[in-house]
Visitor: 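Okay, here's the structure, questions in a sec.
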Amino acid sequence: GLATPTAIMVGTAVGAANGILIKGGPAFEMAHKIRTIVFDKTGTLTEGRPTVTDEVLLENVVELVGENWPQATPNSTNGQVNNRYINSSSHPSVSSSGKLSTSNAVEDMSPEEEQQAKDKLIQLAATAEQQSNHPLARAIISQCVDTRKLPLGALSKISPENEKNSKSSAGNGVTCEGPQGVLIRVGNRAYMYNNNVTLSPRVNENLWNVEVQGKTAVCVAVNSTIVGIIGIADVAKPEAYGAIKALRAMNIDVWMLTGDNRTTAEILADELEIPKDRVMAGVLPIDKRAKIEELQRAGQVVAMVGDGINDSPALAQADLGIAIGAGTQVAIEAADMVLIRSNLHDLVVALDLATKVFARVKWNFMWAFIYNAISVPFAAGALYPWTKMLMPPQYAGLAMAMSSVSVVLSSMSLKFYRRPDTLKDDDVHKGGILEKASRTLTSLKESVSGGSSSNGGGISSTSNGIQQYKPLPLDEGELDQDGMKLGLELGIGSFGGLKGSRGYVGDHDNGVV
């Protein structure tokens, strides 16, 4: 009767010592069966502290909405909404068709006007987002209030009968209404499309320019006109690459689930070496649970790792829900395990510990069975006809107690648990773009300097000891393609000079051509 509870008890204590809160035996039992893990992106694989990095102006925002809107009223500070109409003499000019009149092209603005327009763009977005707790919304508000010291505008009630001054679509965007019925919309492509905001080729081009850098592009629209794009970046956690590498070493299939666009999601996946066919992008919060169910219907035993309110249904649906300690209280309550230190290495430890605990439970059962199978018949006198010996009752009782003691000692041996060898410090920071570029560059260097010598290329030496480089028998454009790949990873375009170097024979001025 002690084989399982003692192992679970000690395992829970060891987990706590390693920064893992394990909620009972069922979590242990399920953890050692996991073969598929789904990660949320923002706040789980990434630091969860997104920052505004880009502000792309498409219209002169100041001309569209006026200099005095949005502005804080006396009762509005740092995002506290006072729910009154803004008493301003300058309001956006709205035509009878509901369109905003535009003037003063962005290209004609002076540097001062451009900075003023960018401040207004951030202020508009922050005003709309001030009632949201989404990490991207917090990033915009922080940029407005903390970095630029700009006040947030107060959102006005539409009428006493309609107390709402803004409405949001989970995972997509938010709309708020300002004076004279002007609508400010902040959100992604899908949100703009669903609200009949036109995405012109110019807008799409600028969205792509932001997304291809691995950043999240947020559109800001006034009524039906997109006036600007805000780029928000969130870097991968330093331990994420090592954790994913260790999970793959444990033969666990790793997926990434995000509401972000596919371009941004695949860039992070490439950085962490998650296959692109294991990326589920553009998933709304209400659909995350359905994605987990889809994997379960395929016969997978699925663990979900998340940190936000939006992840709670998926955490509850998964066979094993694992919450990040720095996440929301709702997510922590819905999870079966909590990584208290918010370190993804602890996830690998949790799964490895669960495997060790259940291996110990099996050993306890096997030892107890063998011990009792031998001791009980001997204590009962079953061997007396042959041995002419009986075990005194006091020794029989002692042998019974020793059975329990041995099981407890076996479980206590879990105290000597050590973290897996696959979790090494040198795996930290190895998933970055620069690291991937370095690996590609090393591969190119090896192929040019001797890796293909069996095919007639590589380094050779002349009689005077001078090294010479022979042309490699590669197909036309092969090196150029690798160079382009490397250049894109570095963000510098095609890696110039590779094509011309194919015919290079020597690096000394010795008359050899």
Visitor: Any non-hydrogen side-chain atom of L257 less than 4.5 Å from a side-chain atom of M304?
Guide: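 They are in side-chain contact.
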Visitor: Judged by modelled atom types alone, do S411 and N364 share a side-chain donor-acceptor pair under 3.5 Å?
Guide: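 S411 vs N364: donor-acceptor pair found between side chains.
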Visitor: Answer whether the closest heavy-atom distance between the side chains of D260 and N188 falls below 4.5 Å.
Guide: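 No, side chains not in contact.
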Visitor: So which pairs with a foot in residues 266-324 pass ring-ring contact (aromatic ring centres under 6.0 Å, His included), sequence neighbours left out?
Guide: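 Sorted result for residues 266-324: empty, none.
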Visitor: Taking CE in M412 as the centre, count heavy atoms belonging to other residues, nucleotides or ligands within less than 6.0 Å. Is the count above 12?
Guide: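 It does not: M412 CE has 12 such atoms or fewer within range.
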Visitor: When you look at NZ of K118, are more than 12 heavy atoms from neighbouring residues, nucleotides or ligands closer to it than 6.0 Å?
Guide: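 Atom NZ in K118 is packed in, count exceeds 12.
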Visitor: If we count only N and O atoms by modelled type, under 3.5 Å, do the side chains of Q296 and Q300 hold a donor and an acceptor together?
Guide: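 On atom types as modelled, these side chains do not qualify, holding no pair under 3.5 Å.
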Visitor: Report the residues that fulfil side-chain contact (heavy atoms from CB on, under 4.5 Å) with A27, sequence neighbours left out, ordered by chain and then residue number.
Guide: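 So A27 forms a side-chain contact (heavy atoms from CB on, under 4.5 Å) with I22, L320, D336, M337.
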Visitor: Test side-chain contact (heavy atoms from CB on, under 4.5 Å) on L344 and I324; report intermediate values, then the result.
Guide: CA-CA 9 Å; L344 293 179; I324 301 297; 4.1 Å; yes
Visitor: Quick check: closest heavy atoms across T44 and F39, and the distance to 0.1 Å?
Guide: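 That would be CG2-CD2, 3.9 Å.
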Visitor: Please examine the side chains of I184 and T127, heavy atoms only from C-beta on, and report whether any two atoms are closer than 4.5 Å.
Guide: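 They are not in contact (no side-chain heavy atoms under 4.5 Å apart), so the answer is no.
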Visitor: Are R262 and E211 ion-paired here, with the side-chain N under 4.0 Å from a carboxylate O?
Guide: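 Salt bridge absent between R262 and E211.
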Visitor: Any donor-acceptor pair under 3.5 Å linking the side-chain atoms of R360 with those of S410?
Guide: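 Side-chain D/A pair, S410 to R360: present.
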Visitor: L183 pairs by side chain to side chain contact (heavy atoms under 4.5 Å, CB included) with which of V197, T175, N195?
Guide: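 Between L183 and the candidates, side chain to side chain contact (heavy atoms under 4.5 Å, CB included) is satisfied uniquely by T175.
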Visitor: Do you know which two heavy atoms are closest between G214 and I267, and how far apart they sit?
Guide: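 Where G214 meets I267 most closely, the heavy atoms are N-CD1, 3.2 Å.
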Visitor: With sequence neighbours excluded, tell me which residues meet ring pair (Phe, Tyr, Trp, His ring centres under 6.0 Å) with W208.
Guide: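 Result, ring pair (Phe, Tyr, Trp, His ring centres under 6.0 Å) vs W208: none returned.
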Visitor: Of all residues at least two apart in sequence or in a different chain, which pass the side-chain contact (heavy atoms from CB on, under 4.5 Å) check with R289?
Guide: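 E293, P313, Q317.
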Visitor: List in chain and number order the residues that pass side chain to side chain donor-acceptor pair (under 3.5 Å) with T46, two or more places apart in sequence or in another chain; answer none if no residue qualifies.
Guide: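 Listed in chain order: D234.
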Visitor: Going by side chain to side chain donor-acceptor pair (under 3.5 Å), name the residues that satisfy it together with S132, two or more places apart in sequence or in a different chain.
Guide: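 S132 satisfies side chain to side chain donor-acceptor pair (under 3.5 Å) with no other residue.
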Visitor: On a heavy-atom basis, which atom in L353 and which in G11 lie closest, and how many Å separate them?
Guide: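 The answer is CD2-O, 3.5 Å.
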Visitor: Which residues pass the side chain to side chain donor-acceptor pair (under 3.5 Å) test with K288, not counting sequence neighbours?
Guide: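 Side chain to side chain donor-acceptor pair (under 3.5 Å) list for K288, sorted by chain: D40, D311.
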Visitor: Please report the C-alpha distance between F358 and F28 in whole Å, then the side-chain angles of each, then the deciding distance to 0.1 Å, and finally whether the side-chain contact (heavy atoms from CB on, under 4.5 Å) criterion is met.
Guide: CA-CA 8 Å; F358 263 81; F28 263 127; 3.8 Å; yes
Visitor: Heavy-atom count check: over 12 atoms from other residues, nucleotides or ligands less than 6.0 Å from K23 NZ?
Guide: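 Result for NZ/K23: enclosed.
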Visitor: Quick one: CG on L199 to SG on C219, what's the gap to the nearest 0.5 Å?
Guide: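 Answer rounded to 0.5 Å: 6.0 Å.
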Visitor: How many angstroms lie between CZ in R248 and NZ in K245, if you round to the nearest 0.5 Å?
Guide: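 With rounding to 0.5 Å, CZ (R248) is 8.5 Å from NZ (K245).
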Visitor: State whether a side-chain donor-acceptor pair under 3.5 Å links T355 with D352.
Guide: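 No, because no side-chain N or O of T355 sits under 3.5 Å from a partner of the opposite role on D352.
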Visitor: In chain order, what residues pass the ring pair (Phe, Tyr, Trp, His ring centres under 6.0 Å) check against Y417, with sequence neighbours excluded?
Guide: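 Ring pair (Phe, Tyr, Trp, His ring centres under 6.0 Å) check on Y417 returns nothing, list empty.
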Visitor: With sequence neighbours excluded, what pairs up with P275 under the side-chain contact (heavy atoms from CB on, under 4.5 Å) test?
Guide: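 side-chain contact (heavy atoms from CB on, under 4.5 Å) check on P275 returns D277, R278.
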Visitor: I would like to know whether V305 and V38 meet side-chain contact (heavy atoms from CB on, under 4.5 Å); could you show each step before the answer?
Guide: CA-CA 6 Å; V305 187; V38 181; over 6 Å; no
Visitor: Taking only residues two or more places apart in sequence, or in another chain, which ones meet S312 in a side chain to side chain donor-acceptor pair (under 3.5 Å)?
Guide: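 Side chain to side chain donor-acceptor pair (under 3.5 Å) list for S312, sorted by chain: empty.
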Visitor: Sequence neighbours excluded, which residues qualify as side-chain contact (heavy atoms from CB on, under 4.5 Å) partners of L21?
Guide: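 Partners of L21 by the side-chain contact (heavy atoms from CB on, under 4.5 Å) criterion, ordered by chain and then number, come out as V338, I340.
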Visitor: Return each pair, listed once, that meets salt bridge (charged side-chain N to carboxylate O under 4.0 Å, His left out) where at least one residue sits in residues 401-418; pairs must be two or more places apart or across chains.
Guide: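 Found none.
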Visitor: Strictly by modelled atom types, are T36 and D253 linked by a side-chain donor-acceptor pair under 3.5 Å?
Guide: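 T36 vs D253: no donor-acceptor pair found between side chains.
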Visitor: If you measure only the distance, is there a donor-acceptor pair under 3.5 Å linking the side chains of R341 and N18?
Guide: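 The criterion, which ignores hydrogens and geometry beyond distance, is not satisfied for N18 and R341.
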Visitor: Going through the checks in order, is the side-chain contact (heavy atoms from CB on, under 4.5 Å) test met by L121 and I229?
Guide: CA-CA 9 Å; L121 178 69; I229 298 169; over 6 Å; no
